[in-house]
Amino acid sequence: MTILAIDTSNYPFGVSLIQEDKVIGEYITYMKKNHSVRAMPAIEQLLNECGIEPKDLSKIVVANGPGSYTGVRIGVTLAKTLAWSLNIPLIPVSSLATLASSGRYFSGFIVPIFDARRGQVYTGLYEFQGDQLVCVEEDRNIMLEEWVTKLKESNKDLLFVGNDVAIHENIIKEVLGEQAKIAPFVSHNPRPSELAFIGMGLKETTAHEVLPNYIRMAEAEVKWLESQKKSQ
């Protein structure tokens with residue numbers, strides 16, 4: 001079994017190849033560049049370097065959000081096209097779950113964070129039970145201050161992970177104090193190999209069934225709906 005994993009859902013960009021129980025290739029960057037230009041060449045390069053042809057792939061796993069609207073669309077569209085053309089399964093995985101996997105050896109709750117602007121974050125609550133990543137609180141879009149106030153009630157150590165944690169670190173520490181632990185910077189990029197690993201244990205789906213998970217509507221959509229209501 002050979003799995004290709006793709007994550008373009010946020011600034012970190014990553015692709016990986018897993019063969020049976022080995023990571024045979026992985027590529028990660030954290031750069032504010034257009035994923036649509038870089039994704040396919042990176043996949044081609046990784047396949048070539050690992051001696052894998054597209055026909056050798058057994059399934060594709062994609063991070064389907066939340067995150068950047070454009071980034072999520074790029075990854076999901078690319079993954080759907082590849083899976084459909086190769087006639088292989090496509091498995092969607094939460095981008096937040098992928099990031100939470102960075103806390104594999106943390107004994108408390110793991111809190112992945114993507115900034116959603118204006119004091120809001122995309123986040124969820126996870127923990128590892130043995131080797132299994134478990135979602136404790138479903139992914140959501142919420143005001144950061146409201147979220148950390150809610151988390152304080154857990155009375156458990158909380159590991160915050162993600163490049164955007166730094167944006168909100170002052171509020172996190174102000175509300176949670178010693179309860180909040182900040183992951184080291186080397187853990188803040190979601191690992192595409194972890195994405196593939198999560199996808200290995202999920203039910204297989206087809207390319208036609210997979211959709212982006214934005215969690216909230218884009219600002220342009222919200223404004224359009226408001227304008228429609230006013231015109232009625």
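- Taking the salt bridge (charged side-chain N to carboxylate O under 4.0 Å, His left out) definition, one finds that E44 meets it with nothing, sequence neighbours left out.
- For the pair P12 and N163, the tightest heavy-atom approach, listed with the atom from each and the gap, is CG-ND2, 3.7 Å.
- Linking ILVMFWY residues whenever their side-chain heavy atoms come closer than 4.5 Å, directly or via other members, places I198 and M1 in the same cluster.
- Residues L211 and N64 are not in side-chain contact: their nearest non-hydrogen atoms beyond the backbone lie 4.5 Å or more apart.
- Listed here is the closest heavy atom pair of E178 and D157: O-OD1, 4.5 Å.
- Residue V72 comes nearest to G67 through the heavy atom pair CG2-N, 4.1 Å, listed as atom of the first residue, atom of the second, then distance.
- Here salt bridge (Lys or Arg N to Asp or Glu O under 4.0 Å) pairs that include residues 179-191, with residues two or more places apart or in two chains, are E26-R191.
- Among S101, C135, S9, P112, the one residue that satisfies the side chain to side chain contact (heavy atoms under 4.5 Å, CB included) test with L96 is P112.
- Within the 4.5 Å cutoff, no side-chain heavy atoms of D7 are placed close to those of V15.
- Other cluster members for W84: none, since no ILVMFWY side-chain heavy atom sits under 4.5 Å from it.
- Among all heavy-atom pairs drawn from N141 and A116, the shortest one is ND2-CB, 3.6 Å.
- Residues that satisfy the salt bridge (charged side-chain N to carboxylate O under 4.0 Å, His left out) test with K59, not counting sequence neighbours, are E204.
- Annotation: side chain to side chain donor-acceptor pair (under 3.5 Å) contacts involving residues 48-58, sequence neighbours excluded, comprise Q45-E49.
- Judged as a salt bridge (Lys or Arg N to Asp or Glu O under 4.0 Å), the pairs with a partner in residues 90-104 (not counting sequence neighbours) are, in order, R104-E194.
- Counting heavy atoms of neighbouring residues, nucleotides and ligands inside a 6.0 Å radius, atom CD of E145 does not exceed 12 of them.
- For R38, there are no salt bridge (charged side-chain N to carboxylate O under 4.0 Å, His left out) partners at least two apart in sequence or on another chain.
- Residues Q179 and S154 form a side-chain contact, since some pair of their non-hydrogen atoms from C-beta on lies under 4.5 Å apart.
- With sequence neighbours left out, the salt bridge (charged side-chain N to carboxylate O under 4.0 Å, His left out) criterion links K156 to E127.
- Q19 is listed as a side-chain neighbour of I52, based on a closest heavy-atom distance under 4.5 Å.
- The side-chain hydrogen bond (donor to acceptor under 3.5 Å, both in side chains) test applied to T81 returns no partner, not counting sequence neighbours.
- In this structure, D164 contributes its side chain and D115 its backbone to a donor-acceptor pair below 3.5 Å.
- A side chain to side chain contact (heavy atoms under 4.5 Å, CB included) with P190 holds for exactly one of L195, V161, N10, T98; it is T98.
- With a 4.5 Å cut-off between side-chain heavy atoms of Ile, Leu, Val, Met, Phe, Trp and Tyr, the cluster of F185 takes in V186.
- Put simply, the side chain of Y126 reaches to within 4.5 Å of the side chain of D139, judged on heavy atoms.
- When all heavy atoms are compared, the tightest approach of M40 to L82 is CE-CD2, 4.2 Å.
- W147 belongs to a hydrophobic cluster whose other members, connected by ILVMFWY side-chain contacts under 4.5 Å either directly or through intermediates, are F109, V111, I113, V121, L125, V136, I142, L144, V148, L151, L158, F160, V165, I171, I172, V175, L176, I182.
- The distance between the ring centers of F106 and F128 does not fall below 6.0 angstrom.
- Judged by distance alone, the side chains of S193 and S16 never bring a donor and an acceptor atom under 3.5 Å apart.
- Of all the heavy atoms in F13 and A39, the pair that sits closest is CZ-CA, 3.6 Å.
- I3 is connected to L202 through a chain of hydrophobic side-chain contacts under 4.5 Å among Ile, Leu, Val, Met, Phe, Trp and Tyr, so both are in one cluster.
- Under the side-chain hydrogen bond (donor to acceptor under 3.5 Å, both in side chains) criterion, T77 pairs with no residue, sequence neighbours left out.
- Contact annotation: the side chain of P92 approaches that of T205 to within less than 4.5 Å [non-hydrogen atoms, C-beta and beyond].
- A donor-acceptor pair shorter than 3.5 Å can be found between the side chains of E209 and T206.
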